[in-house]
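Structure, as structure tokens:
When reading the values below, keep in mind they use all heavy atoms of this one structure, side chains included, and skip hydrogens, waters and symmetry mates. Reminder, nothing fancy here: chain letters follow the sequence lines and each chain counts from 1.
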There are 2 protein chains.
Amino acid sequence: MRYNKDQKVKSRAEILLAASRRFRTDGIAASGIAGIMEDAAKTNGAFYAHFESKDDLVSAVLDDSLERQKEDLGSARDKDSIIAALESYLSPAHRDHPGDGCPSAALLPEISRLPRSTRLIYEKHLKEILDGLGEKMGGDSSGMATAAAVFSMAVGALQLARAVPSDDLSGMILQSAVQAAEQLITSESDKRAR
Amino acid sequence: MRYNKDQKVKSRAEILLAASRRFRTDGIAASGIAGIMEDAAKTNGAFYAHFESKDDLVSAVLDDSLERQKEDLGSARDKDSIIAALESYLSPAHRDHPGDGCPSAALLPEISRLPRSTRLIYEKHLKEILDGLGEKMGGDSSGMATAAAVFSMAVGALQLARAVPSDDLSGMILQSAVQAAEQLITSESDKRAR
DNA sequence: ATTATCTATAGATCTATAGATAATGC
DNA sequence: ATTATCTATAGATCTATAGATAATGC
């Protein structure tokens, strides 16, 4: 049928993107291969020329989307740009578009139920993300600890803001997390300035 | 068949308990009625004498388990007992037994995909939990905001600690969250003492 | 007679596979 | 001839329902 030289590479990328969105929107367990392939404008059977199994797809999706997230967050260079990234992470826009958003916020409880091999992939990327943030917060183990605490809070707050139907409570949760995170980051950088 | 006067009430409670554990262990979407009923030592068909649908069960489970969690957390009376509750929440024991643990940590992304009616039930309980914690942190909107930030951080840290296979990183995440939460709580009570 | 549960099954999924089809590039 | 995708389907789920069964309590 109609295909060009690197059709397969392109198709694989399309399937990855479709799956990545579906997983974050509907969850991993609730997303079927057929639906993902429909989003990628392909048929069910074509899937198995690209991935061995659904588990294989899940690994590939996490590897890919966490790599992208790391690159996005890596552009933040100092305390101020971290706070800007944080405000964007905890914005109503991010809350309302989980399909394009943070994989951790959309998928963490499901990730914790995946096979160890997949969770090792998750851990590798999480480490790099926390290392990157930790470096900008001081670089030592105390900066890294603050990065872990701030990331935990951001993920939890986004999830709570998404679960709650009331816009008031939802917005208050996001704002509380922004403020508390700023306090933690400022106190960490003050510690360093002394 | 073998049944006593309040057999049905008892059965309903058994199904609720079995479902509540299964949901937290395997996720809502990945838990089937048949498996839940097997855990409750009943057959598939008997389910529909107790609940209209799986969605109906999910609402009932959330209503029930969040009510229990609120009661558990309600026993914390002052700042010190809140910190004790926090250390138990962020303990390896809680991390390693999601089936008996916090419904939010196990289920939040799935909750955010449930029908609005179910999310309203979630919101009702979350409000009461945050109100309870906020009161012990000062009672005003600033105390409530700190409660929301601390709860967000605890939920996120527990999820991250569960997802990561390395015990070192997992423990470091839990410890970072304990420390950061204590800092936020202390700074909130200092604000009040001034 | 009423009630709680069980048996059996319909109908709609889901993952995965085997073989057919139709384009490209030699 | 090779390759990417499609068609068709097997076999295992899943939710939900209808009717049978067997106990209790009148």
With a 4.5 Å cut-off on side-chain heavy atoms, are [Y] and [X] touching?
X: B/Gln159; Y: A/Gln159; value: yes
X: B/Phe51; Y: B/Arg12; value: yes
X: B/Leu62; Y: B/Leu114; value: yes
X: A/Glu188; Y: A/Ser142; value: yes

Which nucleotide sits closest to the side chain of [X]: [options]?
X: A/Lys54; options: D/dT5, D/dT15, C/dT15; value: C/dT15
X: A/Asn44; options: C/dA16, D/dA16, C/dC6; value: C/dA16
X: B/Thr43; options: D/dA16, C/dT5, C/dC6; value: C/dC6
X: B/Lys8; options: C/dA16, D/dT5, C/dT5; value: C/dT5
X: A/Tyr48; options: C/dT5, D/dA16, C/dT17; value: C/dT17
X: B/Ile33; options: D/dT5, D/dT15, C/dC6; value: D/dT15

Residue closer to the 5' end of DNA chain C, B/Lys42 versus A/Phe47 (nearest nucleotide): B/Lys42
B/Glu38 atom CD, neighbour heavy-atom count above 12 within 6.0 Å: no
Over 12 non-hydrogen atoms of neighbours within 6.0 angstrom of CD in A/Glu128: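 It does: A/Glu128 CD has more than 12 such atoms within range.
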Spacing of [X] atom [atom1] relative to [N] atom [atom2], expressed in whole Å:
X: A/Met37; N: D/dC6; atom1: CE; atom2: P; value: 7 Å
X: A/Ile36; N: C/dT13; atom1: CD1; atom2: C1'; value: 15 Å
X: B/Phe51; N: C/dA4; atom1: CZ; atom2: C1'; value: 14 Å
X: A/Leu57; N: C/dC14; atom1: CG; atom2: P; value: 14 Å
X: A/Glu38; N: C/dT13; atom1: CD; atom2: C1'; value: 14 Å

Side-chain N or O of B/Gln7 closer than 4.0 Å to phosphate OP1/OP2 of D/dT24: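 For D/dT24, OP1/OP2 do not have a side-chain N/O of B/Gln7 under 4.0 Å.
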N or O in side chain of A/His50 less than 4.0 angstrom from D/dA4 OP1/OP2: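 Indeed not, no polar side-chain atom of A/His50 lies that close.
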Indicate whether any N or O donor in one side chain lies under 3.5 Å from an N or O acceptor in the other, for [X] and [Y].
X: A/Ser81; Y: A/Asp78; result: yes
X: A/Tyr122; Y: A/Ser112; result: no
X: A/Ser91; Y: A/Arg95; result: no

Sugar-phosphate, base or nothing in reach of A/Gly45, heavy atoms under 4.0 Å: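 Base, at least one base atom sits under 4.0 Å.
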A/Arg162 with A/Asp96: basic N within carboxylate O range, under 4.0 Å: no
Strand contacts (DNA chain C) in residues 11-27 of chain A, 4.0 angstrom heavy-atom criterion: none
Consecutive Watson-Crick or G-U pairs in runs of at least 3, all under 3.5 Å, in which DNA chain D is involved: C:1-24 with D:1-24
